[in-house]
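Whatever order the structure lists them in is the order used to number ligands and atoms, beginning at 1.
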Amino acid sequence: MSPERPPTAAPAGSELNVYESAEARFEIAARRLGLEQGVYRYLKYPDREITIYIPVAMDNGHMEVFIGYRVLHSSVRGPGKGGIRFAPDVSLDEVRALAAWMTWKCAVVNIPFGGAKGGVICDPERLSRTELERLTRRYTAQLAEWFGPERDVPAPDIGTNEQTMAWVMDTYAMHVRQATTAVVTGKPLELGGSQGRKEATGRGLMICCEKAVAKLRMKRETCRVIVQGFGNVGSHAALLMHQTGFRVIGAADVHGGIYNDKGLDIPRLYDWVYGQGKSLAEFPGGGEKVSAQEILFRPCDILVPAATENQITAANARRLDCKILCEGANGPVTSQADPVIEEKEIFIVPDILGNAGGVTVSYFEWVQDRQGFFWRESEVNERLRDVMERSFDQVVQYAETHGTNNRIAAYILAIDRVARALKLRGFYA
Ligand code: GLU
C-alpha cells in the first residue's frame with residue numbers, strides 16, 4: 001500500500017461511511033437526551049487524531065512505509081481504551097468511528113475508561129512474523145508518549161493478537177525503562193494477561209443472548225443460532241453458545257461457511273480451523289455450503305454478526321429472518337438499516353453492549369496488572385457476567401423509559417454517563 005494514496009473511506013454521504021453511521025445514532029440519542037449545545041459539541045468530536053508514517057525494513061531488504069493512526073475520542077471518564085486494527089482497508093474515518101464507539105461502550109458497561117482506537121493500513125496475512133514485529137514496534141515507538149496505563153491503553157482488534165500486544169508492551173517498557181504491563185491489555189497470560197480475556201467478547205455475547213432469550217420468553221434449547229465471522233469473537237461465541245445448550249446451525253468466515261438446520265458440531269469445527277489450521281468453508285461436517293453474506297439471511301432465532309462493519313444495510317436488512325440480532329462486530333449494521341430492523345421488530349443487542357465483554361475483561365486485566373495480583377478464571381467470568389447482566393438490564397430499562405429501541409437506549413445511557421462526568425469536571429479554559 002503506497003502512502004501517497006491511502007485508501008479513502010466510503011465517501012461522505014455514502015451509507016457505508018461508518019463514521020456517519022456512528023454520528024447518526026449519536027445525533028438521535030443526543031436529541032432525545034436533550035443534551036445541551038456545549039456538551040454536545042464536546043462529545044461529538046475526538047480529543048485528538050494522530051497519523052503516523054511507519055518505515056519498516058521488509059525481509060527482502062526493501063523499505064516500506066505504512067500509514068498508522070491512533071485516535072483518542074475521549075478521556076473524560078478515564079484513560080483512552082481501545083484496540084489496534086491491522087487491515088488493508090483501515091481509514092481515518094473508520095478509526096475515528098471505532099474510537100467513539102469505545103467511549104460509548106466503556107460507558108454502557110460503566111468501566112472507568114474513555115475511548116480510543118488505532119489502526120495500520122496493511123495486510124497482516126501477507127507480512128512475515130518478523131515484518132509484523134518490526135511494524136508493531138515502530139508503531140508503538142512513534143506513539144509511545146501518548147500511550148500509558150493512565151493515558152491510552154491499546155488492545156487487540158482485527159488483525160492483531162496476544163503476540164502483537166506482547167510486542168507493544170515490550171517496546172513501551174524499553175522506552176520508559178520500566179516494566180509496564182498495564183500499558184496494554186489482551187496480553188499473553190505469561191506477561192500479565194488475564195484469564196478469560198481471549199474468550200471474553202464471545203462470553204459477553206453469550207450472556208447477552210441468554211438475557212435476550214429470557215426477556216422474549218424463548219427457550220435456549222430450541223434457539224437456532226447463526227454466527228457470521230469465525231475469528232476470536234465469532235469462534236468463541238459459537239463455542240460457548242454450543243456448550244451452553246444453544247443450537248448453532250450456521251457459521252461462516254470471509255471465505256464462506258456452512259449451514260445445517262440440525263445443528264453443527266462446533267467443537268469439531270473449532271478444532272478444524274484452530275487446531276488443524278484448515279478453512280471453515282471446507283469443513284466436512286455435513287452441512288450446506290453458504291457464502292458469508294448469504295448466511296445472514298438464513299432463518300434462525302439469533303443472528304450474531306461477528307465479522308466486520310456494514311454487513312447489514314438498508315438494501316438487504318429486509319431479508320433478515322431472525323428474532324434477535326446480537327452484534328459481535330463493531331458496526332455490523334448501517335444506521336440506514338436501523339429503521340428496517342425496528343420495523344421488523346427484531347430485538348437488537350447493539351454492538352456497544354453485545355461486544356463489550358472484551359473491553360470489560362481488558363479492564364479486569366488492567367486492574368490485575370496494577371495490583372500485581374491475579375484472579376482465577378472463575379472470578380473473571382463471574383465478574384464479567386455481573387457487568388454484562390447489569391448493563392443489559394439497564395439498556396433494556398432505558399429503552400422502555402425513553403420509548404426507543406435498544407441501540408438508541410444504549411447510546412442514551414452512555415452519553416448521559418459521559419456528559420455527567422464532563423459536567424462535574426467542568427471545562428478547563
Ligand atoms: N477491540 C476490542 C473492542 O472493539 C477490545 C478493546 C479493548 O479491550 O480495549 O471492543
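- The protein non-hydrogen atom at the shortest distance from atom 9 (O) of ligand 1 is K81 NZ, 2.8 Å.
- At a threshold of 4.0 Å, the pair R96-D93 counts as salt-bridged, since one of the basic side-chain nitrogens sits closer than that to a carboxylate oxygen.
- Here K117 has side-chain heavy atoms under 4.0 Å from ligand 1, and that is the only part of it that gets that close.
- Within the 4.0 Å heavy-atom criterion, the part of N330 lying near ligand 1 is the side chain and not the backbone.
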Inset, instruction - Step by step, work out the side-chain hydrogen bond (donor to acceptor under 3.5 Å, both in side chains) result for E309 and N330. - result: CA-CA 6 Å; E309 292 120 42; N330 290 309; over 6 Å; no

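- Within the structure, the closest approach of M102 to ligand 1 falls below 4.0 Å when heavy atoms are considered.
- At a heavy-atom distance under 4.0 Å, only side-chain atoms of R197, from C-beta outward, approach ligand 1.
- At least one N or O atom of K105, backbone or side chain, sits closer than 3.5 Å to an N or O atom of ligand 1.
- Note on ring orientation: taking the six-membered ring where Trp is involved, the planes of Y411 and W104 are tilted (angle from 30° to 60°).
- Stacking of R370 on the aromatic ring of W366 is recorded, both the 6.0 Å distance cut-off and the 45° axial limit being met.
- Here's the thing with A155: none of its N/O atoms is less than 3.5 angstrom from an N/O atom of ligand 1.
- In this pair, W272 and F283 present their aromatic rings perpendicular. The plane angle is above 60°, beyond the 30 to 60° band.
- What sits closest to atom 8 (O) of ligand 1 on the protein, heavy atoms only, is S362 OG, 2.6 Å.
- A cation-pi arrangement is present between R383 and W375 under the rule of less than 6.0 angstrom and at most 45 degrees off the ring axis.
- If you number the atoms of ligand 1 from 1 as listed, the ones under 4.0 Å from a heavy atom of G82 come out as 9 (O).
- The backbone of P156, and not its side chain, has at least one atom closer than 4.0 Å to an atom of ligand 1 (non-hydrogen atoms only; backbone = N, CA, C, O).
- Rounding to the nearest 0.5 Å gives a distance of 12.5 Å between CG of L143 and CZ of R151.
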